Amino acid sequence: MNISDELLNDFIDGKLETDEVKFVKESIEKSPEVKSRYMALVSSDDMLRKLESETVSLNFTQTVLQKIQRRKALAKQQKRFLFVVLSFLGFIVLGIVGFIFYQVISLSAPESNQVVTDYSKDVGNYFSNLFGKKNISVFGSVLSFIMLVSAYFFYEFQKKSKNNFTH
Amino acid sequence: MKDLSDIEIIESVLKGNTADYTVIVDRYKNKSFTMLKRMLKNEFDAEEVLMDCFMKAYNNLGSFKFESKFSTWFYRIVYNTALTKLSSIKRKVESEMQSIDDLDYLESKYSSEDYCKKELSEIVNKIINELPAKNAAVITMFYLEEMSSEEISQVLNISVANVKVILHRSRNLLKDIIQKRNLLKEIL
């Protein structure tokens, strides 16, 4: 009687159709060789079921919780830091815009009848001067400097936070 | 809290009760640790990777779609993180060289006279610990976590038929050792 191990395995797993079950049962009863293989497979299955799980260190759960809380605190710190940096940059931009308007207003003649036209002309001229060949390099350098300083502080902050998180 | 289902606990964690996550950790830590230890063959690496897995799962809880079981989703993280670890420690090549068809080396090793005096349960443990990563993962999920072949196939991203092959090969390996060493009478 030719019964493969696969068929016996499916029989153990309860994956066979009714007629196949009947055939396998008969084969086990009739053939000592099939019975021996079947019993060995059942024993293997039984031994695998009896395998116990290993245990992690006692304080594992606490360590996970602590890590989560540290990460949460770190995320909060990062948010605060970003808020400070963005506020700082916002103030700089506001300052620049305010300064531009102040310059434009002080250059224009308020007593003129065509105030709006003059204002718009002056704003146009001022911007073309500001971003002209002379000033653009100064403006770019100042911005680059601010960005470099911010990046340095951000990097240092990240490094410090990472150390806090690891230890 | 311990009687709640995984889904209920996750919902609570997502509402901001971080401490409830410890119930999930307690529920899965030992079984997933066993799987990782069998895959990585190293206790220290297994615990380190497990910590990483729980952190990953926590950080991505928001992306967990409640369509599948949490266990399937979590074990996918565990399995993939273990594979990444294996590839980083260059053991993956070794592990992949031992395909699911190549368990003969274990059979001949543990059928030998050297192991005749040892307890069968001890030998079974040794064999499981020497199985290739994928086989060890399947055995652990099927027998310890009592996951179905369908769930395991989702975790490993392989077909159900492939899961069945891996499972049967591991069982056949033990069967051959039992038969070769004439242990059936002893067991019965």
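Below, chains carry the letters A, B, ... as their sequence lines are ordered, and counting in each starts from 1. Note that this is a predicted model, so its numbers are computed, not measured.
Screening residues 151-172 of chain B for ring-ring contact (aromatic ring centres under 6.0 Å, His included), with sequence neighbours left out, gives no hits. Within the structure, the ring-ring contact (aromatic ring centres under 6.0 Å, His included) test picks out the following pairs touching residues 25-59 of chain B (sequence neighbours left out): A:Phe60-B:Phe54, B:Tyr21-B:Tyr58, B:Tyr28-B:Phe70, B:Tyr28-B:Phe74, B:Phe54-B:Phe74.
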Does B:Phe66 form a ring-ring contact (aromatic ring centres under 6.0 Å, His included) with B:Phe64? I'd like the steps, not just the answer. CA-CA 6 Å; B:Phe66 294 82; B:Phe64 171 64; 5.0 Å; yes
For the pair B:Ser12 and B:Asn17, evaluate side chain to side chain donor-acceptor pair (under 3.5 Å) and give the outcome as yes or no after the intermediate values. CA-CA 6 Å; B:Ser12 169; B:Asn17 304 316; 3.0 Å; yes
Side chain to side chain contact (heavy atoms under 4.5 Å, CB included) between B:Asp45 and B:Leu36, intermediate numbers included: CA-CA 8 Å; B:Asp45 284 347; B:Leu36 284 168; over 6 Å; no
Does the pair B:Ile7 and B:Glu11 meet the rule for a side chain to side chain contact (heavy atoms under 4.5 Å, CB included), with working shown? CA-CA 6 Å; B:Ile7 301 295; B:Glu11 280 170 348; 4.0 Å; yes
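For A:Lys50, no part sits under 4.5 Å from any heavy atom of chain B, backbone or side chain. Only the side chain of A:Ile12 comes within less than 4.5 Å of a heavy atom in chain B; its backbone stays farther off. Contacts of B:Leu50 with chain A are made by both backbone and side-chain atoms, with heavy-atom separations under 4.5 Å. Interface residue A:Leu41: backbone and side-chain heavy atoms are both found under 4.5 Å from chain B. Residue A:Asp10 touches chain B through both its backbone and its side chain, counting heavy-atom pairs closer than 4.5 Å. For A:Glu52, the part lying near chain B is the backbone, with the side chain staying farther off; criterion is any non-hydrogen pair under 4.5 Å.
No hydrogens or angles considered: a donor-acceptor pair under 3.5 Å links the side chains of A:Thr61 and B:Asp26. With hydrogens and angles left out, the side-chain atoms of B:Arg169 and B:Asn135 include no donor and acceptor closer than 3.5 Å.
Using a 4.0 Å cut-off between a side-chain N of Lys or Arg and a carboxylate O of Asp or Glu, A:Arg37 and A:Glu33 qualify as a salt bridge.
From A:Leu8, atom CG reaches atom CD of A:Glu6 across 9.5 Å, with rounding to the nearest 0.5 Å. To the nearest 0.5 Å, the span separating CH2 on B:Trp73 from CG on B:Leu61 amounts to 5.0 Å. The structure places CD of B:Glu8 at 9.5 Å from CG of B:Asp6, a figure rounded to the nearest 0.5 Å. Rounded to the nearest 0.5 angstrom, B:Lys56 NZ and B:Thr81 OG1 are separated by 3.0 Å.
Residues of residues 80-89 of chain A never come closer than 4.5 Å to chain B when only heavy atoms are counted. Taking non-hydrogen atoms and a 4.5 Å limit, the residue list of residues 139-160 of chain B in contact with chain A, ordered by number, reads B:Ile139, B:Phe142, B:Tyr143, B:Leu144.
Between chain A and the options B:Thr34, B:Leu167, B:Thr22, the largest number of non-hydrogen pairs under 4.5 Å is found for B:Thr34. For chain B, the option among A:Asp13, A:Leu48, A:Asp5, A:Thr63 with the highest count of heavy-atom pairs below 4.5 Å is A:Leu48. Comparing B:Arg171, B:Lys164, B:Arg38, B:Lys37 by heavy-atom pairs within less than 4.5 Å of chain A, the highest count is held by B:Arg171.
Under a hydrophobic-cluster definition in which Ile, Leu, Val, Met, Phe, Trp and Tyr are linked whenever side-chain heavy atoms come within less than 4.5 Å, directly or via other members, A:Met147 and A:Val149 are assigned to different clusters.
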